[in-house]
Number of protein chains: 2
Amino acid sequence: MSKTVTNSVSARGPADHEVRDQIVVAATEHFSRYGYEKTTVSDLAKAIGFSKAYIYKFFESKQAIGEMICANCLRQIESEVRAAVDEADRPPEKLRRMFKAIVAASLRLFFQDRKLYEIAASAATERWQAALAYEERIRKLLQDILQEGRQTGDFERKTPLDETVMAIYLVMRPYLNPLLLQHSFDYTDEAPAQLSGLVLRSLSP
Amino acid sequence: MSKTVTNSVSARGPADHEVRDQIVVAATEHFSRYGYEKTTVSDLAKAIGFSKAYIYKFFESKQAIGEMICANCLRQIESEVRAAVDEADRPPEKLRRMFKAIVAASLRLFFQDRKLYEIAASAATERWQAALAYEERIRKLLQDILQEGRQTGDFERKTPLDETVMAIYLVMRPYLNPLLLQHSFDYTDEAPAQLSGLVLRSLSP
DNA sequence: CATGTGACCAATATGTATTATGGTCACCAT
DNA sequence: ATGGTGACCATAATACATATTGGTCACATG
């Protein structure tokens with residue numbers, strides 16, 4: 001997995017500390033095995049051999065720990081998507097891959113790491129920083145692809161970039177956002193291709 | 001409100017019967033005031049002055065009553081959407097109006113008839129006939145607009161019609177389906193215009 | 001045959017007493 | 001300062017006994 005980044009809002013005490021990492025490791029293990037709700041802060045404390053109170057020297061709440069794990073998880077998805085995009089060299093294909101990778105990665109999280117998925121769903125519902133930041137990074141990635149496509153002449157240039165980004169983001173959202181994805185399983189097979197097709201037609205110069 | 005249609009699957013006994021209508025009226029009243037869950041079958045029975053058992057001569061379950069009310073409710077939305085579409089005479093504008101009307105009508109249901117909205121959400125979750133039929137009718141309306149647009153030359157004709165219908169339906173779905181709409185409130189202002197724009201660009205010949 | 005019901009049952013919902021949990025704090029040790 | 005904890009509290013989760021509810025059926029009436 002990608003390097004565990006620990007800086008963040010809602011973190012306390014020494015930013016770079018062995019114990020902080022231990023907490024993150026233990027939390028990742030416990031949350032993904034037993035789920036966020038079923039894991040108590042005491043469980044995590046026990047797992048790393050310290051008292052519960054000590055945990056709170058590093059995180060200001062249980063949710064803050066959840067956010068960290070969730071952030072790692074979303075960063076993981078993001079990097080898969082980026083990797084998929086990088087495999088293509090022309091913007092239209094990049095867009096197709098992006099769509100496909102988003103759906104694939106999100107589905108994988110759902111089916112293979114249900115517990116973590118549930119955290120991501122909470123993050124989306126409750127608008128955690130991690131979720132907002134993830135959305136924003138995906139949006140940026142989309143914007144980069146569109147911008148490149150405009151430069152290469154693959155995409156039209158009349159529509160304001162912001163509008164295009166927004167519209168396509170809205171099209172992708174049901175498959176990006178865990179809350180929406182849950183209700184879109186019936187379409188995950190066809191949606192990436194169909195919607196990529198539609199979007200690319202809308203972008204043709 | 002549009003005429004209360006009563007024929008359906010999951011209806012029992014005499015199809016056209018005064019008491020059946022009384023039940024529907026009472027259910028509409030109770031469900032929308034107190035909600036589906038909080039209303040008991042006995043409440044409905046009391047309201048129309050019969051015994052609970054008698055209700056079951058007309059409906060095979062409480063859910064069947066819910067489906068009826070929900071179906072009326074969705075038909076109501078559909079007719080608003082159709083009315084909006086009919087106001088425009090050219091297919092592109094029809095499409096814009098359709099999108100706008102769907103969002104407006106669904107939001108109105110949510111904010112002004114929360115209890116009925118919750119039934120519609122259940123209908124979507126549990127795949128009631130009423131919800132499936134509604135989706136199908138909206139899809140058909142969309143298809144008709146697209147077909148007309150192809151004839152008038154407003155829309156491109158290369159992409160297979162089914163694909164176009166499907167893709168645009170997928171774009172609209174987050175605002176059609178009560179379950180998804182709940183998670184899209186942040187975008188209901190801009191989405192209709194932005195997405196209509198994108199869709200129309202994708203349809204340009 | 002059509003209209004109508006009270007009594008009844010399994011399953012679900014509800015209220016409540018009890019426990020477990022998230023979170024803090026004063027305090028100890030190095 | 002840094003590293004670390006047990007005792008404590010308000011609130012949230014749990015468990016369980018009790019009451020409701022959805023649904024059926026045999027039967028009554030005209």
Side-chain angles (χ1 to χ4, degrees), chain A residues 6 8-27 30-31 33-70 115 118-119 122-123 125-126 128, chain B residues 6 8-31 33-70 115 118-119 122-123 125-126 128:
Chain A
T6 44
S8 161
V9 64
S10 74
R12 265 179 184 170
D16 193 25
H17 193 292
E18 194 201 345
V19 174
R20 182 186 294 281
D21 294 342
Q22 292 183 48
I23 296 173
V24 172
V25 170
H30 275 69
F31 287 171
R33 197 194 293 284
Y34 310 109
Y36 177 76
E37 323 272 344
K38 299 279 179 193
T39 301
T40 78
V41 178
S42 300
D43 291 339
L44 299 180
K46 236 169 280 170
I48 61 174
F50 289 110
S51 74
K52 179 179 63 159
Y54 197 37
I55 301 257
Y56 286 94
K57 300 281 190 197
F58 296 92
F59 293 92
E60 74 178 8
S61 66
K62 181 186 178 186
Q63 177 177 315
I65 306 176
E67 290 214 34
M68 177 115 297
I69 272 59
C70 179
K115 304 294 185 185
E118 282 158 17
I119 301 181
S122 302
T125 315
E126 295 161 35
W128 296 0
Chain B
T6 44
S8 162
V9 65
S10 76
R12 265 178 183 170
D16 192 26
H17 193 293
E18 195 201 345
V19 173
R20 182 186 294 282
D21 294 342
Q22 292 183 48
I23 297 172
V24 172
V25 170
T28 305
E29 165 73 12
H30 275 71
F31 287 171
R33 196 192 295 282
Y34 311 109
Y36 177 76
E37 323 272 345
K38 298 279 178 192
T39 302
T40 79
V41 178
S42 299
D43 290 339
L44 300 180
K46 236 168 280 170
I48 60 174
F50 290 111
S51 74
K52 179 179 64 159
Y54 197 39
I55 301 256
Y56 286 94
K57 301 280 191 202
F58 297 92
F59 293 94
E60 72 178 7
S61 66
K62 182 187 176 183
Q63 178 176 314
I65 306 177
E67 290 215 33
M68 177 114 299
I69 271 61
C70 178
K115 305 294 183 184
E118 282 159 18
I119 302 182
S122 302
T125 315
E126 296 162 34
W128 297 359

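Letters A, B, ... are given to chains in the order of the sequence lines, protein chains preceding strands, and every chain is numbered from 1.
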Sugar-phosphate or base contact per nucleotide [nucleotides 6-21 of chain D; S, B, -; heavy atom under 4.0 Å]: B-------S------S
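Phosphate proximity of D:dG3 to A:H17: present, with a side-chain N or O under 4.0 Å from OP1 or OP2.
Applying the side chain to side chain donor-acceptor pair (under 3.5 Å) rule to B:S42 yields no partners; only residues at least two apart in sequence or on another chain are considered. Residues that satisfy the side chain to side chain contact (heavy atoms under 4.5 Å, CB included) test with B:A47, not counting sequence neighbours, are B:A26, B:H30. Residues passing the side chain to side chain donor-acceptor pair (under 3.5 Å) test with A:S51: none are found, sequence neighbours excluded. Shown here are the side chain to side chain contact (heavy atoms under 4.5 Å, CB included) partners of A:E37, two or more places apart in sequence or in another chain: there are none. Every residue two or more places apart in sequence or in another chain that forms a side chain to side chain contact (heavy atoms under 4.5 Å, CB included) with A:E118 is listed here: A:R114, A:K115. In terms of the side chain to side chain contact (heavy atoms under 4.5 Å, CB included) criterion, residue partners of B:Y56 (sequence neighbours excluded) are, by chain and number, B:R12, B:V41, B:K52.
In this structure, B:I48 places its CD1 atom 9 Å from P of C:dT5, rounding to the nearest Å. A:R20 places its CZ atom 14 Å from the P atom of D:dT2, with the value rounded to the nearest Å. In this entry the distance linking OH of B:Y56 with P of D:dA26 reads 18 Å, nearest Å. In this entry the distance linking CG of A:D16 with P of D:dT2 reads 14 Å, nearest Å. Counting to the nearest Å, the P atom of C:dC25 and the CD1 atom of A:I55 are 18 Å from each other. Protein atom CZ of B:F50 is 18 Å distant from nucleotide atom P of D:dT29, rounded to whole Å. When rounded to the nearest whole Å, the span between CG of B:L44 and P of D:dG23 equals 12 Å.
Of the possible donor and acceptor atoms, none in the side chain of A:Y34 sits under 3.5 Å from a partner among the backbone N and O of A:T40. Between the side chain of B:Y36 and the backbone N or O of B:Q63, at least one donor-acceptor pair lies under 3.5 Å.
Rounded to 10°, the helix from C:dC1-D:dG30 to C:dT30-D:dA1 has 0° between the axis fitted to its first five pairs and the one fitted to its last five.
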Dump every N/O contact between nucleotides 26-30 of chain C and the protein below 3.5 Å, one line per pair.
none

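Comparing B:Q63 and A:V19 by the nucleotide of DNA chain D that holds the closest heavy atom to each, the one mapping nearer the 5' end is A:V19.
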